[in-house]
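So you know, we letter chains A, B, ... as the sequences are listed, proteins then strands, and number each from 1. What you see below is based on every heavy atom in this structure, not just the backbone, and it leaves out hydrogens, waters and symmetry mates.
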Amino acid sequence: MAKLQKSIPIKKVLPSGKKDQSFFEQVYAIVALIPEGRVTNYGAIAKFLGTKMSARMVGWALNNAHHLPNVPAHRVVNRNGALSGKAHFETPTQMQILLEREGITVIDDCVVNFKCHFWDPSIELDIV
DNA sequence: TGATTGACCATGA
DNA sequence: ATCATGGCCAATC
């Protein structure tokens, strides 16, 4: 089993030394790297960015990122595995549809085997 | 300009 | 186990 996939050089998306990248930009970068068929939660992203408690920001970021391409917000759920942001999609069912389309089973707005599909940036992404 | 909210999480009682 | 509170950063009222 071992690793799911090779580490992704985070530096590629998060150029160090550049503080121009706001919290949001970092969130976008991470979310954009979520592999298909995988999901993560707000806390993991926030934690990866340094402030583990600013998970709320991630939500806000996604709200802003909603209009951006390459930002699969449907792959981001809360720590409970629930599709908390489904209401913010084009249609409330869009999120679930997208997830199921990627092979993720969603029942009652909750990701089944969320733990198995969980994608932790702080683990998958290798900080150089 | 300050106060409140927001797709949340962790801790304490 | 559930309920209540604190905290984070940014945008909106």
Side-chain angles (χ1 to χ4, degrees):
Chain A
M1 229 33 289
K3 247 357 199 230
L4 314 148
Q5 57 193 31
K6 18 203 279 199
S7 310
I8 302 172
I10 189 62
K11 251 202 173 163
K12 295 221 160 185
V13 287
L14 298 180
S16 60
K18 278 212 88 171
K19 302 221 158 140
D20 294 344
Q21 296 226 300
S22 56
F23 203 92
F24 286 22
E25 294 296 324
Q26 301 183 42
V27 173
Y28 304 150
I30 294 175
V31 174
L33 291 180
I34 301 176
E36 191 173 298
R38 285 290 167 77
V39 291
T40 189
N41 58 25
Y42 305 94
I45 297 175
K47 188 175 186 179
F48 178 75
L49 294 182
T51 50
K52 61 179 178 185
M53 283 185 167
S54 51
R56 293 173 137 191
M57 272 322 84
V58 181
W60 250 104
L62 291 180
N63 189 15
N64 254 313
H66 192 272
H67 70 87
L68 295 175
N70 283 5
V71 182
H74 62 275
R75 293 181 192 148
V76 182
V77 297
N78 62 4
R79 78 145 193 103
N80 204 23
L83 282 53
S84 43
K86 67 173 183 183
H88 292 262
F89 277 75
E90 303 177 23
T91 64
T93 52
Q94 184 70 6
M95 193 170 184
Q96 177 171 344
I97 291 174
L98 288 172
L99 287 174
E100 292 190 330
R101 199 166 154 195
E102 297 182 358
I104 297 178
T105 308
V106 177
I107 297 178
D108 195 21
D109 296 337
C110 286
V111 176
V112 179
N113 291 335
F114 168 65
K115 222 167 154 188
C116 293
H117 296 295
F118 181 57
W119 182 83
D120 193 342
S122 64
I123 295 176
E124 304 298 336
L125 299 182
D126 196 7
I127 312 175
V128 186

message = Run the side chain to side chain contact (heavy atoms under 4.5 Å, CB included) test on A:Ile30 and A:Leu49 for me, step by step, so that the C-alpha distance in whole Å, both residues' side-chain angles and the decisive distance to 0.1 Å come before the verdict.
response = CA-CA 10 Å; A:Ile30 294 175; A:Leu49 294 182; 3.7 Å; yes
message = Set out, in order, the CA-CA distance, both residues' side-chain angles and the distance that settles side chain to side chain contact (heavy atoms under 4.5 Å, CB included) for A:Val111 and A:Phe118, then state yes or no.
response = CA-CA 10 Å; A:Val111 176; A:Phe118 181 57; over 6 Å; no
All N/O contacts under 3.5 Å from nucleotides 3-6 of chain B to the protein, with atom names and distances to one decimal?
residue: B:dG6; atom: O6; partner: A:Arg56; partner atom: NH1; Å: 2.9
residue: B:dG6; atom: N3; partner: A:Trp60; partner atom: NE1; Å: 2.7

List every contact pair, protein side and nucleotides 9-13 of chain B side both N or O, where the distance is under 3.5 Å.
residue: B:dC9; atom: OP1; partner: A:Arg79; partner atom: N; Å: 2.3
residue: B:dC9; atom: OP2; partner: A:Arg79; partner atom: N; Å: 3.3

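For the pair A:Gln26 CD and C:dC9 P, the computed distance is 12 Å after rounding to whole Å. Rounded to an integer number of Å, the gap from A:Leu49 CG to B:dC8 P is 17 Å. Taking atom NZ of A:Lys47 as the reference point, atom C1' of C:dG7 lies 16 Å away to the nearest angstrom.
Between the side chain of A:Ser122 and the main chain of A:Phe48, no donor-acceptor pair closer than 3.5 Å is present.
In the region residues 94-112 of chain A, proximity to DNA chain C at under 4.0 angstrom, judged on heavy atoms, holds for none of the residues.
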Counting only pairs under 3.5 Å, give me each side-chain donor-acceptor contact of residues 67-77 of chain A, with atom names and distances, residues two or more places apart or in other chains.
residue: A:His67; atom: NE2; partner: A:Asn64; partner atom: O; Å: 2.9
residue: A:His74; atom: NE2; partner: A:Glu102; partner atom: OE2; Å: 3.1
residue: A:Arg75; atom: NE; partner: A:Glu102; partner atom: OE1; Å: 3.0
residue: A:Arg75; atom: NE; partner: A:Glu102; partner atom: OE2; Å: 3.1
residue: A:Arg75; atom: NH1; partner: A:Ile34; partner atom: O; Å: 2.8
residue: A:Arg75; atom: NH2; partner: A:Glu102; partner atom: OE2; Å: 2.8

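Contact detail for A:Phe24 and A:Met57: the closest heavy-atom pair is CE1-O, 4.2 Å. Residues A:Pro121 and A:Thr40 share a closest heavy-atom pair of CD-OG1, 3.8 Å.
Residues satisfying the ring-ring contact (aromatic ring centres under 6.0 Å, His included) criterion with A:His66, sequence neighbours excluded, are A:Phe89. Under the side chain to side chain contact (heavy atoms under 4.5 Å, CB included) criterion, A:Ala46 pairs with A:Ser54, A:Ala55, A:Val58, not counting sequence neighbours.
At a threshold of 4.0 angstrom between heavy atoms, the contacts of A:Ala73 include nucleobase atoms, whether or not backbone atoms are also involved. Among the atoms of the strands shown, only primed sugar atoms or phosphate atoms (P, OP1, OP2) are found under 4.0 Å from some heavy atom of A:Ser84.
To the nearest 0.5 Å, the span separating CZ on A:Arg38 from CD1 on A:Ile104 amounts to 8.5 Å. One finds the CD1 atom of A:Ile45 at 13.0 Å from the NZ atom of A:Lys47 (value rounded to the nearest 0.5 Å).
For DNA chain C, each stem of at least three Watson-Crick or G-U pairs (distances under 3.5 Å) is given as range with range: B:2-6 with C:9-13, B:8-13 with C:2-7.
Inter-residue side-chain proximity for A:Thr105 and A:Asn113 is flagged as unmet; no heavy-atom pair is nearer than 4.5 Å.
In this structure, A:Ile107 shares a hydrophobic cluster with A:Val112, the cluster being traced through Ile, Leu, Val, Met, Phe, Trp and Tyr side chains under 4.5 angstrom apart.
Separation of the C1' atoms belonging to B:dA7 and C:dC3 is 22 Å when rounded to the nearest angstrom.
Annotation: side chain to side chain donor-acceptor pair (under 3.5 Å) contacts involving residues 76-88 of chain A, sequence neighbours excluded, comprise A:Tyr42-A:Ser84, A:Lys86-A:Asp109.
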